[in-house]
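What follows is a set of notes on a single structure, which appears directly below.
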Amino acid sequence: MENMVVYDKDLNLEATELRLGLPGTKEATPSLKMSNKRALPDMNEESGSGNSSVVSDDGKSSDRETAPARKAQVVGWPPVRSYRKSCFQTKKTEAEAGGMFVKVSMDGAPYLRKIDLKGYKGYPELLKGLEEMFKFSVGQYSEREGYNGSEYVPTYEDKDGDWMLVGDVPWDMFISSCKRLRIMKGSEAKGLGCHL
Amino acid sequence: MDSKKQKDSPQSNESTRTSPFPDEALDRVLGLVKSHKDRSSVSLVCKDWYNAERWSRTHVFIGNCYSVSPEIVARRFPNIRSVTLKGKPRFSDFNLVPLNWGADIHHWLVVFASKYPFLEELRLKRMTISDESLEFLATTFTNFKALSLLSCDGFSTDGLAAIATHCKNLTELDIQENGIDDLGGGWLSCFPENFTSLEVLNFANLNSDVSFDALERLVNRCRSLKVLKVNKSITLENLQRLLERAPQLIELCTGSFNQDLTPRQYAELESAFNNCKNLNILAGLWEATSLYLPVLYPVCTNLTFLNLSYAALQSGELAKLIAHCSNLRRLWVLDTVEDKGLEAVGSSCPLLEELRVFPAEPFEQDVAPGVTERGFVAVSYGCPRLHYVLYFCRQMTNAAVATIVQNCPDFTHFRLCIMNPGQPDYLTDEPMDEAFGAVVKNCAKLQRLAVSGLLTDLTFEYIGKYAKNLETLSVAFAGRSDLGMQCVLSGCPKLRKLEIRDCPFGNEALLSGLEKYESMRSLWMSACNVTMNACRRLAKQMPRLNVEVMKDEESDDSQADKVYVYRSVAGPRRDAPPFVMTL
């Protein structure tokens with residue numbers, strides 16, 4: 001995995017890390033930006049030599065399984081207008097009006113996204129959602145060391161204006177204090193995890 | 001509209017000698033010619049006709065605001081009362097165009113203020129308009145009647161307040177699908193108490209609450225109101241009162257369709273709908289459930305257009321409702337209705353001409369199945385007049401599409417979106433080439449096509465060979481080589497708009513269209529294989545085209561990430577932001 005910094009090979013982090021794809025599938029390096037990354041060397045030949053903002057295996061693995069393995073989160077795809085998206089939360093009856101939308105930015109990505117924290121039940125879901133949205137993996141979280149095994153680290157700005165590491169406080173406390181999220185480059189995030 | 005004075009051409013001694021066609025007759029006839037294409041043809045006949053046409057034209061349609069300048073428009077057409085302008089490339093709807101790209105209306109308004117002080121109508125699509133511009137519009141054009149903003153941005157509800165406050169003769173306020181700052185619903189209360197001219201009011205996509213009291217009084221005093229589209233803040237109880245005041249409505253978008261009503265309130269609501277004898281178009285129905293849908297039954301037989309794309313109905317709910325809608329021509333639904341719901345459509349709506357199925361959860365994976373090829377096929381069997389489809393699905397087969405176009409050969413607009421990029425026929429694992437091949441072979445009238453799924457160059461060979469009436473083509477994640485795009489450029493004589501993203505088309509393809517682009521409105525290519533040098537060559541060889549490039553961060557210098565090419569008589573843009581490079 002080209003975008004992983006493997007700190008400790010013995011722990012077999014690859015097996016435990018959160019990432020896109022079925023177990024056993026090797027993921028071509030995902031585009032770290034959402035749009036217009038150059039084609040990657042092991043891109044399936046159906047895409048030709050073109051660059052693409054989609055992780056390569058989508059749809060091509062249909063001979064292995066019945067449904068597409070994962071949906072690539074791509075800017076502007078499917079082509080659904082943004083005003084429509086806000087119309088659809090109809091079946092989630094309670095708390096619909098009280099959505100908790102926060103902006104999410106990622107270092108190097110040209111566009112911010114917005115997510116509704118209330119749409120997630122806890123950290124694993126949130127992190128998975130972020131990984132899918134921005135095409136990266138967070139690696140393995142530990143209270144002591146923060147996130148290991150990834151170039152990117154999820155952080156958030158809390159009510160006091162401080163930048164904190166996602167995952168340190170209980171979920172309920174997190175969603176009530178999180179003002180915005182930022183997926184930082186790992187090199188900049190050092191020092192955030194070591195607060196004990 | 002006295003077009004006799006100040007005609008540029010010499011007095012028509014020549015024309016009375018060679019043709020006994022008097023000017024008065026020409027003017028009369030031209031007054032009845034409304035279509036832009038026809039007017040354009042008229043203007044090409046001879047100088048006299050060019051002049052007669054330009055003096056008699058009252059409405060101008062500009063498909064790309066950068067293709068011409070307001071000064072040029074005003075010089076040619078002195079008597080315009082109504083302007084329609086479109087701005088940003090369509091892919092800006094899907095966030096592919098950064099903010100502050102342009103298409104700002106303000107300079108146009110300034111020119112219009114001096115050249116068309118009696119301007120009555122302004123319809124904008126994908127343009128930027130600020131509150132200041134709205135205020136300027138409202139206070140400058142005393143005869144202003146109709147404002148329609150679709151997919152626009154840059155303004156807030158304060159701008160709407162200015163319109164409501166100052167436009168004494170307003171007949172139409174249509175605010176649709178815009179990215180605006182919703183600062184509250186107070187704007188609605190700005191219509192003066194003596195204001196009665198409103199015929200069209202659409203604020204369905206605004207979020208904040210308006211004063212129901214103000215709305216009710218407004219509806220009550222505007223006796224010519226034909227179109228009323230309210231937002232979610234309006235309840236069923238509110239709706240009933242509005243309908244009682246305006247039973248003459250032709251088009252209605254309801255507010256929220258979910259509220260605890262007493263039996264008496266329910267009966268009153270039913271009765272209110274029953275009294276709307278002219279209602280042809282219905283939309284809204286947010287959060288509608290089977291409990292309240294029956295109040296609509298009395299109006300269903302008269303409906304020609306039903307927009308359920310905000311109501312996440314299940315198949316059974318839709319089936320029951322649609323059974324009453326035998327005269328329906330156009331239907332928009334969410335894919336929550338599933339194939340079974342579409343089967344019901346096929347059985348209930350033999351006159352259906354247009355179907356749009358939107359995804360309820362476009363970005364989720366593990367969701368209810370949505371619709372598949374089965375639903376589409378079912379509709380095609382039941383609705384032979386179908387000619388416009390927009391269909392979002394997660395699986396499709398070549399065989400199904402072949403069946404569909406055999407049942408419905410009259411397609412003019414075929415927009416199929418298989419949501420997983422590059423997905424093959426799920427039964428055979430083959431590319432979807434034959435599907436779109438069938439579409440273009442069978443549907444001679446096809447004007448607009450959007451392709452998806454796994455596609456090789458063969459799809460584009462088919463398109464180039466058969467789609468002789470094609471005007472608009474949208475392509476994403478498709479094709480294998482430059483040949484694909486070349487086939488389309490050389491084969492489709494009527495092509496006007498070509499938008500491409502994430503395809504392996506490169507410089508050779510881009511440059512093969514050199515001769516073609518001047519006959520088109522525009523070309524968009526993003527995340528393809530085009531280089532800056534090729535774009536420069538294109539720009540150099542075709543000076544009447546504007547070639548604009550936007551680069552992504554972290555892309556290397558030679559790649560042209562987003563290319564937008566369009567013909568223009570106004571020269572390069574003068575308002576381009578720093579991230580738009582004009583070559």
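Nothing here was measured: the structure is a model prediction, and the numbers come from that model. In the text below, chain A, chain B and the rest are named by the order of the sequence lines, each starting its count at 1.
- Among residues two or more places apart in sequence or in another chain, the ring-ring contact (aromatic ring centres under 6.0 Å, His included) test is passed with A:Tyr141 by A:Tyr147.
- Rounding to the nearest 0.5 angstrom, the gap separating the CG atom in B:Asn95 from the CZ atom in A:Arg113 is 7.5 Å.
- Scanning for side chain to side chain contact (heavy atoms under 4.5 Å, CB included) contacts around B:Ile180 gives B:Phe155, B:Thr157, B:Asn178, B:Leu206, with sequence neighbours left out.
- Heavy-atom minimum distance, B:Phe392 versus A:Pro79: CZ-O, 3.5 Å.
- Distance alone, capped at 3.5 Å, is enough to place a donor-acceptor pair between the A:Trp77 side chain and the B:Met419 backbone.
- Looking at B:Pro98, the atoms closer than 4.5 Å to chain A (heavy atoms on both sides) sit in the backbone and in the side chain alike.
- The number of heavy atoms from other shown groups lying within 6.0 Å of CD (B:Gln176) is above 12.
- Annotation: the span from B:Phe363 atom CZ to A:Glu132 atom CD amounts to 13.0 Å, rounded to 0.5 Å.
- The minimum heavy-atom distance between A:Pro78 and B:Cys417, with the atom names listed, is CB-SG, 4.4 Å.
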Apply the test side-chain contact (heavy atoms from CB on, under 4.5 Å) to residues B:Phe477 and A:Val74: give CA-CA distance (whole Å), side-chain angles for both, the deciding distance (0.1 Å), then the verdict.
CA-CA 11 Å; B:Phe477 305 105; A:Val74 174; 3.9 Å; yes

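- Of the two parts of B:Leu99, neither the backbone nor the side chain holds a non-hydrogen atom closer than 4.5 Å to a non-hydrogen atom of chain A.
- Within the 4.5 angstrom heavy-atom criterion, no atom of B:Ser474 approaches chain A.
- For B:Val530, no part lies near chain A; criterion is any non-hydrogen pair under 4.5 Å.
- Looking only at distances, a side-chain donor or acceptor of B:Arg501 sits under 3.5 Å from a matching main-chain atom of A:Gly76.
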